[in-house]
Amino acid sequence: MKFQDVYRVVKLIPKGMVMSYSGVARQCGSPRSARYVGFALHALPANTRVPWWRVINARGRISNQYAPDKQRRRLEAEGVVVNDQMRVDMHLFDAEAIVYQKLKRT
DNA sequence: CCAATGACCGTAA
DNA sequence: GTTACGGCCATTG
C-alpha cells in the first residue's frame, strides 16, 4: 500500500458521498492502515484533483484539523449533509460498497 | 539503517 | 454517551 494506492481509491468515491479512512484502507487491501491514509492525504498538494474532502473518520466526523471548514463547504456543495457537530450520517452517505464494486469490476 | 511520525480504529471500562 | 490505550505501517529525516 502506497500513496498512489490511496489516491486511486479516493478518486473512485462518487460525488456526494463519503468514505472513512479505514474504508479506504480496506479497499487498498491493507485494513489496518487507516492512520496511514490520513498521512497520504495530508501530503497532497493544494491543487490536487484527488477528492480528499470525501474522506472522514469511521464515526462520520470530519477529523481534518487543517481545513475543516473548507472540507465541510465542499461536502455540502455536493449535497452531503453535515450537522452542527461536523458529523455525517455514514448510513446514508458511505460509498465503500460502491467503490468495492468498482474495483471488483476490474 | 533506525526511530519517529501521523487528517485513525477497535476494544475495553 | 465518554476517555484511554495499543496497534498500525509507509514515509521521512
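Below, read A as the first sequence line, B as the second, and so on, with proteins coming before strands; counting in each chain starts at 1. Computed from heavy atoms alone, side chains included, the values below leave out hydrogens, waters and symmetry copies.
Atom-to-atom, CZ of A:Arg61 to P of C:dG1 comes out at 12 Å; the value is rounded to the nearest Å. Across the protein-nucleic acid pair, A:Arg26 atom CZ and B:dC9 atom P stand 9 Å apart, rounded to whole Å. If you take CZ of A:Arg59 and P of B:dG10, they are 8 Å apart, rounded to a whole angstrom. Following rounding to the nearest Å, A:Gln4 (CD) and C:dT11 (C1') show an atom-to-atom distance of 14 Å. Rounded to a whole Å, the CE atom of A:Met90 is 12 Å from the C1' atom of B:dC9. Computed from coordinates, the A:Phe3 CZ to C:dA10 C1' distance equals 7 Å when rounded to whole Å. When rounded to the nearest whole Å, the span between CE of A:Met86 and C1' of B:dC8 equals 17 Å. In this structure, the CH2 atom of A:Trp52 is 19 Å from the P atom of B:dG6, given to the nearest Å.
Regarding contacts with the backbone of B:dC8, every side-chain N or O of A:Ser22 stays at 4.0 angstrom or more from both OP1 and OP2. Considering only side-chain N and O atoms, A:Ser63 lies under 4.0 angstrom from the phosphate OP1 or OP2 of B:dC8.
Looking at A:Tyr21, its side chain comes within 3.5 Å of the base of B:dA7 through a donor and an acceptor atom.
For A:Asn64, the listed nucleotide lying nearest its side chain is B:dA7; candidates were B:dA7, C:dC9, B:dG6. Relative to the side chain of A:Phe39, the nucleotides C:dT11, B:dC9, B:dA7 differ in distance, and C:dT11 lies closest. Here C:dA10 is the nucleotide among C:dA10, B:dA7, C:dC8 with the atom lying nearest to any side-chain atom of A:Lys2. Listed nucleotides C:dC9, B:dT11, B:dC8 differ in distance to A:Ser30; the shortest reach to its side chain belongs to C:dC9.
Sequence order on DNA chain C of the closest nucleotides to A:Arg35 and A:Met1 puts A:Arg35 first from the 5' end.
Pairs passing the side-chain hydrogen bond (donor to acceptor under 3.5 Å, both in side chains) check and including a residue from residues 10-22 of chain A, sequence neighbours excluded, read A:Ser20-A:Ser22.
Judged by distance alone, with hydrogens and angles left aside, the side-chain atoms of A:Asp5 form a donor-acceptor pair with the main-chain N or O of A:Lys2 at under 3.5 Å. No donor-acceptor pair closer than 3.5 Å links the side chain of A:Arg54 to the backbone N or O of A:Leu75. A donor-acceptor pair is defined here as one N or O able to donate and one able to accept, closer than 3.5 Å; no such pair exists between the side chain of A:Arg26 and the backbone of A:Pro31. A donor-acceptor distance shorter than 3.5 angstrom exists from the side chain of A:Gln71 to the backbone of A:Trp53, with no hydrogens or angles considered.
When heavy atoms are screened at a 4.0 angstrom cut-off, A:Arg32 is found touching the sugar-phosphate backbone but no base atom.
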